[in-house]
Visitor: 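Mind having a look at this structure? Questions to follow.
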Number of protein chains: 2
Amino acid sequence: MKQYNRDNMADLLRGHGINPTHQRIEIAYALFSRQQHLSAEQIMATVNDRHSETSKATVYNTLKLFLDKNLIREVIVDPSKVFYDPNTQNHHHFYNTASGHLTDIDAAGISILGLPMLPEGVETEGVDIIVRIRPSERPGLV
Amino acid sequence: MKQYNRDNMADLLRGHGINPTHQRIEIAYALFSRQQHLSAEQIMATVNDRHSETSKATVYNTLKLFLDKNLIREVIVDPSKVFYDPNTQNHHHFYNTASGHLTDIDAAGISILGLPMLPEGVETEGVDIIVRIRPSERPGLV
DNA sequence: TTGAGAATTAGACACAGTCCAGATATTGAA
DNA sequence: TTCAATATCTGGACTGTGTCTAATTCTCAA
Ligand SMILES: [Mn+2]
Ligand SMILES: [Mn+2]
Ligand SMILES: [Zn+2]
Ligand SMILES: [Zn+2]
């Protein structure tokens, strides 16, 4: 699926066992059409851009539903809010701590060597690499 | 420094340019004597165990001061709270999503291959690896 | 002893996220 | 078509972290 519009959003939702409602389509469209990492607040603002149509409770309920159905994933990098990620491929992130902007890093080219064995009785749920970045201070300028 | 007690806490604080007060010593002692990852709430509960002596504002102010002076670091793995880490060595974490427990992974033995180049104009602030783990479902038992 | 600066405090406040009971929309059997 | 069962949505109260501020208390050098 290359181009995202409200029509194929419904199919996308159905494909994940989600009943496509008006609100769910708008929320999915906000995430998938931009292919960006958005906070719940940003999603609500986007969806209610022109006229208010979707409540806060529905935004949170819907995001939780999407997570549950593996349509999206969440990214925990900021202590004050969760980011929602339409990319469920195995990948990692650059996190610009100054701007709050997340960028994907494809996991395909990456390997982590030397991880110790898991403690007894647990299994891996996922491995996240977060590269925290900031605007470089360029000594010699300014 | 092998054994942590309230006396050498004061030296530890001074060594980081922090004026050792009663409250700061208690908070540092809570973290360093346990060598564990604690939330602000857990730290306040620990410090005020017997009789209340340290306010919420002081706990947060002090943790921020410790961070600023690089005495501790924070670990962002849970959307609802920050963990404070007395280990400032370069290291990574196992995070048990069921219990909320963090375990250190020494960075010494670990290498990450294939990370892409940084975007223009930014520099690396830090690289975090978080291995999310959960109790293994053991099919065949129960 | 004293008072200026440092530190602490209670409690109001901010704000992301949760919860709930009532309203609304959808569905499908009759 | 009808209408009741089910699914979804909603406003608004509420919770839990974390922040802020003005007032109080502490510390220490003079
Ligand atoms: Mn809409
Ligand atoms: Mn104490
Ligand atoms: Zn991503
Ligand atoms: Zn740690």
Side-chain angles (χ1 to χ4, degrees), chain A residues 6 9-10 13-14 16-31 37-48 51-69 71-85 97 100 102, chain B residues 6 9-10 13-14 16-31 37-48 51-69 71-85 97 100 102:
Chain A
R6 285 178 179 74
M9 278 306 105
L13 295 179
R14 278 188 212 97
H16 285 259
I18 298 166
N19 200 346
T21 65
H22 178 64
Q23 289 88 342
R24 289 169 182 176
I25 287 172
E26 289 300 320
I27 290 170
Y29 183 68
L31 281 164
H37 308 78
L38 301 178
S39 67
E41 184 202 6
Q42 290 172 319
I43 290 166
M44 185 150 60
T46 302
V47 157
N48 291 334
H51 49 102
S52 182
E53 0 182 291
T54 303
S55 71
K56 184 168 63 155
T58 295
V59 169
Y60 281 102
N61 287 344
T62 299
L63 290 170
K64 207 151 276 175
L65 177 68
F66 287 3
L67 287 171
D68 207 55
K69 300 294 188 177
L71 179 62
I72 63 176
R73 56 181 270 194
E74 50 186 0
V75 184
I76 317 284
V77 288
D78 183 301
S80 74
K81 61 176 112 37
V82 171
F83 288 100
Y84 295 89
D85 190 343
T97 52
L102 279 163
Chain B
R6 286 177 176 78
M9 278 306 104
L13 295 179
R14 280 188 210 98
H16 285 259
I18 298 166
N19 199 345
T21 66
H22 178 65
Q23 289 88 340
R24 289 170 180 174
I25 288 172
E26 289 300 321
I27 290 170
Y29 184 67
L31 281 164
H37 308 78
L38 300 177
S39 67
E41 185 203 7
Q42 290 172 320
I43 290 167
M44 185 151 59
T46 301
V47 157
N48 291 333
H51 49 103
S52 181
E53 2 184 289
T54 304
S55 71
K56 183 167 65 154
T58 295
V59 169
Y60 281 101
N61 288 345
T62 300
L63 290 170
K64 205 151 276 173
L65 176 69
F66 286 3
L67 287 172
D68 207 56
K69 300 295 189 177
L71 178 63
I72 63 176
R73 56 181 272 195
E74 49 185 2
V75 183
I76 318 278
V77 288
D78 182 300
S80 74
K81 60 176 106 42
V82 171
F83 287 100
Y84 295 89
D85 190 342
T97 53
L102 280 161

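Throughout, protein chains are lettered first and strands after them, A, B, ... in sequence-line order, and every chain is numbered starting at 1.
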Visitor: Rounded to whole angstrom units, what separation is found between the CD atom of Gln42(A) and the P atom of dC15(C)?
Guide: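 The distance from CD of Gln42(A) to P of dC15(C) comes to 15 Å, rounded to the nearest Å.
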
Visitor: Just by modelled atom types, is the Lys69(A) backbone N or O under 3.5 Å from a matching donor or acceptor in the His16(A) side chain?
Guide: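 At least one qualifying donor-acceptor pair exists.
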
Visitor: Quick one: list whatever passes salt bridge (charged side-chain N to carboxylate O under 4.0 Å, His left out) with Arg73(A), sequence neighbours left out.
Guide: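 Scan of Arg73(A) (salt bridge (charged side-chain N to carboxylate O under 4.0 Å, His left out), adjacent residues dropped) gives Asp128(A).
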
Visitor: Asn48(B) CG to dT8(C) C1': how many Å, rounded?
Guide: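 It is 13 Å, rounded to the nearest whole Å.
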
Visitor: How close or far is atom C1' of dT26(C) from atom CZ of Arg24(A), stated in whole angstroms?
Guide: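 After rounding, the gap between these two atoms is 12 Å.
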
Visitor: Closer than 4.0 Å, any side-chain N/O of Gln23(A) to the OP1 or OP2 of dA25(C)?
Guide: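 For Gln23(A), the contact criterion (side-chain N or O under 4.0 Å from OP1 or OP2 of dA25(C)) is not met.
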
Visitor: What pair of heavy atoms forms the shortest contact from Val59(B) to Ala40(B), and how long is it?
Guide: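 Nearest heavy atoms, Val59(B) then Ala40(B): CG1-O, 4.0 Å.
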
Visitor: I'd like to know if the side chain of Thr62(A) and the backbone of Thr58(A) have a donor-acceptor N/O pair within less than 3.5 Å.
Guide: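 Confirmed, Thr62(A) side chain pairs with Thr58(A) backbone.
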
Visitor: Could you run down nucleotides 24-30 of chain D 5' to 3' and tag each one B, S or - for protein heavy-atom contact under 4.0 Å?
Guide: -------

Visitor: Taking salt bridge (charged side-chain N to carboxylate O under 4.0 Å, His left out) as the test, write out the residues that go with Lys64(B), two or more places apart.
Guide: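 Testing Lys64(B) for salt bridge (charged side-chain N to carboxylate O under 4.0 Å, His left out), a comparison that skips the adjacent residues, returns none.
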
Visitor: Not counting sequence neighbours, which residues clear side-chain hydrogen bond (donor to acceptor under 3.5 Å, both in side chains) with Asn19(B)? List them please.
Guide: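 If we apply the side-chain hydrogen bond (donor to acceptor under 3.5 Å, both in side chains) test to Asn19(B), skipping adjacent residues, there are no hits.
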
Visitor: How many angstroms lie between CG in Leu71(A) and CG in Leu63(A), if you round to the nearest 0.5 Å?
Guide: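 The CG atom of Leu63(A) is 10.0 Å from CG of Leu71(A), to the nearest 0.5 Å.
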
Visitor: Using the test side-chain hydrogen bond (donor to acceptor under 3.5 Å, both in side chains), find all partners of Ser39(A) that sit at least two apart in sequence or belong to another chain.
Guide: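 In terms of side-chain hydrogen bond (donor to acceptor under 3.5 Å, both in side chains), with neighbours along the sequence ignored, Ser39(A) is linked to Gln42(A).
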
Visitor: Students often get this wrong, so: under 4.0 angstrom with heavy atoms, is Thr58(A) touching a base, only sugar-phosphate, or nothing?
Guide: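 Base contact.
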
Visitor: How does protein contact run along nucleotides 16-23 of chain D, one letter per nucleotide 5' to 3', with B for base contact, S for sugar-phosphate only, - for none, heavy atoms under 4.0 Å?
Guide: -SBBB---

Visitor: Once you round it to whole Å, what is the distance between P of dT9(C) and NE2 of His22(B)?
Guide: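 For the pair His22(B) NE2 and dT9(C) P, the rounded distance is 9 Å.
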
